[in-house]
There are 2 protein chains.
Amino acid sequence: MSPASRNRIARRQTRAPVFAALGDETRLLLVAKLCRGQPSSISELTEGSKLTRQAITKHLRVLERVGIVHSIRAGRESRFKFNPEPIKDIREYLDLVSAQWDEALSRLKAFVEQ
Amino acid sequence: MSPASRNRIARRQTRAPVFAALGDETRLLLVAKLCRGQPSSISELTEGSKLTRQAITKHLRVLERVGIVHSIRAGRESRFKFNPEPIKDIREYLDLVSAQWDEALSRLKAFVEQ
DNA sequence: GTAATATGCAACCTGGAGGTTGCATAGCAT
DNA sequence: ATGCTATGCAACCTCCAGGTTGCATATTAC
């Protein structure tokens, strides 16, 4: 197995938390806002939400823990910024899963046809 | 906005559960096994795990509820089979997120350089 | 200097996720 | 006919995710 491929499979433990972080509508919304490029403060991200500022803060910390966003304190506000790496990683993982399924289908097809 | 694109964004509510279903190591392992093509029974999928058959069953039902797998009863056993659609859907969603981020970077770059 | 703003921290509540055990039941093997 | 095998169902336990409220504190605005 190639080192890269081994890496992709071995890091399954580190990927589950990333999926889990995306497994919540509120957090998907936050990601959707932040991936547009504009770093935002907690108050800004709370605007328009039905949730408390504290609730939003907790969600942001969850995203931060897995690296999907990171925060920088600027004066009295902390600005959150999107970081594409973790999502890139699980995208590749999902590609691998799909590829494996396609291969399996091909093998089955070849077997039936021969 | 194109209908397809609107659809991708509007269906955010239906995607969070799919991410959540993948947000567990045990379930990622099950997906990894099943995407290889071979439909498997609960007992087969339990082999090698430290968990109970019932625990594995619950995980399989979680995956089934979001459509990542589906089961067919065959005699006394029920065989679980991988279904690629939900994963294909969230793959496209992640592609969209990444694309939006890249666009934002490009705009920023263009702005700085002009 | 003082008031308003943006966060952080902590305590607390509730529901559901993830596991287990025990028991019932339907198919298979012999 | 009978015993092993594969599941289903239900009750129960523990822990943590997701929310809230209240209060303290650091910045910024006037």
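Just so you know, these numbers come straight off a predicted model, no measurement behind them. Basis for what follows: all heavy atoms, side chains included, without hydrogens, waters or symmetry-related copies. Lettering follows sequence order; numbering is per chain, from 1.
For D/dA6, the OP1/OP2 oxygens have no side-chain nitrogen or oxygen of B/Arg73 closer than 4.0 Å. Taking only side-chain nitrogens and oxygens, B/Ser41 comes nearer than 4.0 Å to OP1 or OP2 of D/dT7.
If you run side chain to side chain contact (heavy atoms under 4.5 Å, CB included) between B/Leu30 and each of B/Ile68, B/Val62, B/Ile56, only B/Ile56 comes through. Among B/Asn83, B/Leu29, B/Val69, the one residue that satisfies the side chain to side chain contact (heavy atoms under 4.5 Å, CB included) test with B/Leu34 is B/Val69.
Scanning both residues, B/Trp101 and A/Pro84, for their nearest heavy atoms gives NE1-CG, 3.4 Å.
Put simply, the side chain of A/Phe19 does not reach to within 4.5 Å of the side chain of B/Val18, judged on heavy atoms. Looking at A/Ile90 and A/Leu22, their side chains come closer than 4.5 Å, going by heavy atoms from C-beta outward.
The interatomic distance linking B/Phe80 (CZ) with D/dG8 (C1') rounds to 11 Å, in whole Å. The distance between atom CZ of B/Arg61 and atom P of C/dA17, rounded to the nearest whole Å, is 16 Å. The interatomic distance linking B/Glu25 (CD) with C/dA17 (P) rounds to 19 Å, in whole Å. When rounded to the nearest whole Å, the span between CD1 of B/Ile56 and C1' of C/dA17 equals 15 Å. Atom pair B/Leu60:CG and D/dG8:C1' shows a separation of 14 Å (rounding to whole Å applied).
For D/dT7, the base has no donor-acceptor partner in the side chain of B/Arg76 [N/O atoms by modelled type, under 3.5 angstrom].
Looking at heavy-atom distances under 4.0 Å, B/Arg79 makes no contact with the nucleic acid at all.
Proximity of a side-chain donor or acceptor of B/Gln100 to a complementary backbone N or O of B/Val97 within less than 3.5 Å is not detected. A donor-acceptor pair is defined here as one N or O able to donate and one able to accept, closer than 3.5 Å; no such pair exists between the side chain of B/Thr52 and the backbone of B/Ala55.
Checked for salt-bridge contact, B/Arg27 and B/Glu25 miss the test: no charged N lies under 4.0 Å from a carboxylate O. Ionic pairing of A/Arg36 and B/Glu103 is not present here: no N-O contact between side-chain nitrogen and carboxylate oxygen is shorter than 4.0 angstrom.
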ask   = Quick one: what's the B/S/- string for nucleotides 18-25 of chain D, heavy-atom cutoff under 4.0 Å, read 5' to 3'?
value = SBBBB---
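Between A/Gly75 and A/Arg65, it is A/Arg65 whose nearest contact on DNA chain D lies nearer the 5' terminus.
Comparing the end axes of the helix from C/dG1-D/dC30 to C/dT30-D/dA1, each fitted to five base pairs by superposing C1' atoms of four pairs onto the next four, gives an inter-axis angle of 30° (nearest 10 degrees).
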